[in-house]
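Keep in mind the model is a prediction, meaning the values are calculated, not measured. When reading the values below, keep in mind they use all heavy atoms of this one structure, side chains included, and skip hydrogens, waters and symmetry mates. The chains referred to below are lettered A, B, ... by the order of the sequence lines, with proteins before strands, and numbering in each begins at 1.
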There are 2 protein chains.
Amino acid sequence: MAKPIIDTMTDEHMERTMAVMKGMAHPIRFRIVALLCERDHTVTEMSQALAVRQASISQHLSPLRLLGLVGVDRTGGNATYTLQEPMLRNLVNCFLSHYGR
Amino acid sequence: MAKPIIDTMTDEHMERTMAVMKGMAHPIRFRIVALLCERDHTVTEMSQALAVRQASISQHLSPLRLLGLVGVDRTGGNATYTLQEPMLRNLVNCFLSHYGR
DNA sequence: TATCCATATTGCGAGGTTACGATATGGCAA
DNA sequence: TTGCCATATCGTAACCTCGCAATATGGATA
């Protein structure tokens, strides 16, 4: 029997894959990432765009930050968030092309 | 300000997206799905290919079945599992093309 | 029927996730 | 400093997930 393709993925890459999956496995976090695919956002902007309480947005940004999926630029009183993990664009597009529009 | 792309996704599609995410957010389930991307497998085959106890494989197949991500053909004593959700191929390929090989 | 093999389920206990309200931190302007 | 705005964190309770061991189910064969 042939070796499964999945065995060509290293342990580190599997861990990264799981980080991405768990990071995106919540509707609020998925939508946050989708917003950041379009452009950088502050917390307040995301809170308004998604109609979700500020504390809740902050809470969900925390794991995304910890996992290195998003980055933050704290200049002045605002915190501007950026997409850090390039593959997230492909991931979001993957779902949008199947389910979106 | 322009309406975010993510708002073009219906509630049902968002739910489906979350089902896929949560279904795949575990290394054993991710690898099960990756196996099924190549060809149908019985439980024993997956157990051997992934070096994971049979009960554990069955346990993880249960939510995948419930979410409709995989299908099962119970003929004779064996249970042959099949990929049900077409977009899973693209999803797995998305990760493999970034992290695999 | 008795038995074997493959598969599924159940009953824990440990640990993680979530929402919510409240509160804390920290920059900036008056 | 005082006060305001933006952001982050904390505490709690409800709930979900996981691994593990044991057991149940069910087809096939003798």
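Residues A:H60 and A:T75 both approach DNA chain C. Their nearest nucleotides, taken by heavy-atom distance, put A:H60 toward the 5′ side.
Nearest approach of B:S58 to B:V43, heavy atoms of both residues: OG-CG1, 4.3 Å. Nearest heavy-atom pair, B:G23 versus B:L67, reported as atom, atom and distance to 0.1 Å: CA-CD1, 4.0 Å. The two residues B:V70 and B:Q84 make their nearest non-hydrogen contact at C-CG, 3.2 Å.
Every ring pair (Phe, Tyr, Trp, His ring centres under 6.0 Å) that B:H26 has, sequence neighbours left out, goes to B:H60.
The span of DNA chain C lying next to chain B, judged by atoms under 4.0 Å from heavy atoms, is bounded 5' to 3' by C:dA6 to C:dT10.
For the segment residues 14-38 of chain B, the set of residues with a heavy atom within less than 4.0 Å of an atom of DNA chain D comprises B:H26, B:R29, in numerical order.
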With B for base contact, S for sugar-phosphate-only contact and - for none (protein heavy atoms under 4.0 Å), nucleotides 6-14 of chain D reads SBBBB----

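Under the 3.5 Å distance criterion, the side-chain polar atoms of A:T82 are left unmatched by any main-chain donor or acceptor of A:V72. Not a single donor-acceptor pair under 3.5 Å links the side chain of B:E38 to the backbone N or O of A:P4. Judged by distance alone, with hydrogens and angles left aside, the side-chain atoms of B:R31 form no donor-acceptor pair with the main-chain N or O of A:D7 at under 3.5 Å.
Among pairs with a residue in residues 43-64 of chain B, those fulfilling salt bridge (charged side-chain N to carboxylate O under 4.0 Å, His left out) read B:R39-B:E45, at least two apart in sequence or across chains. Applying the ring-ring contact (aromatic ring centres under 6.0 Å, His included) test to residues at least two apart or on different chains, none of the pairs has a partner in residues 64-86 of chain A.
Whole-Å rounding puts the B:L64 CG to D:dT17 C1' distance at 14 Å.
Side-chain contact between A:L91 and B:L91: present, with at least one pair of heavy atoms (C-beta onward) separated by less than 4.5 Å.
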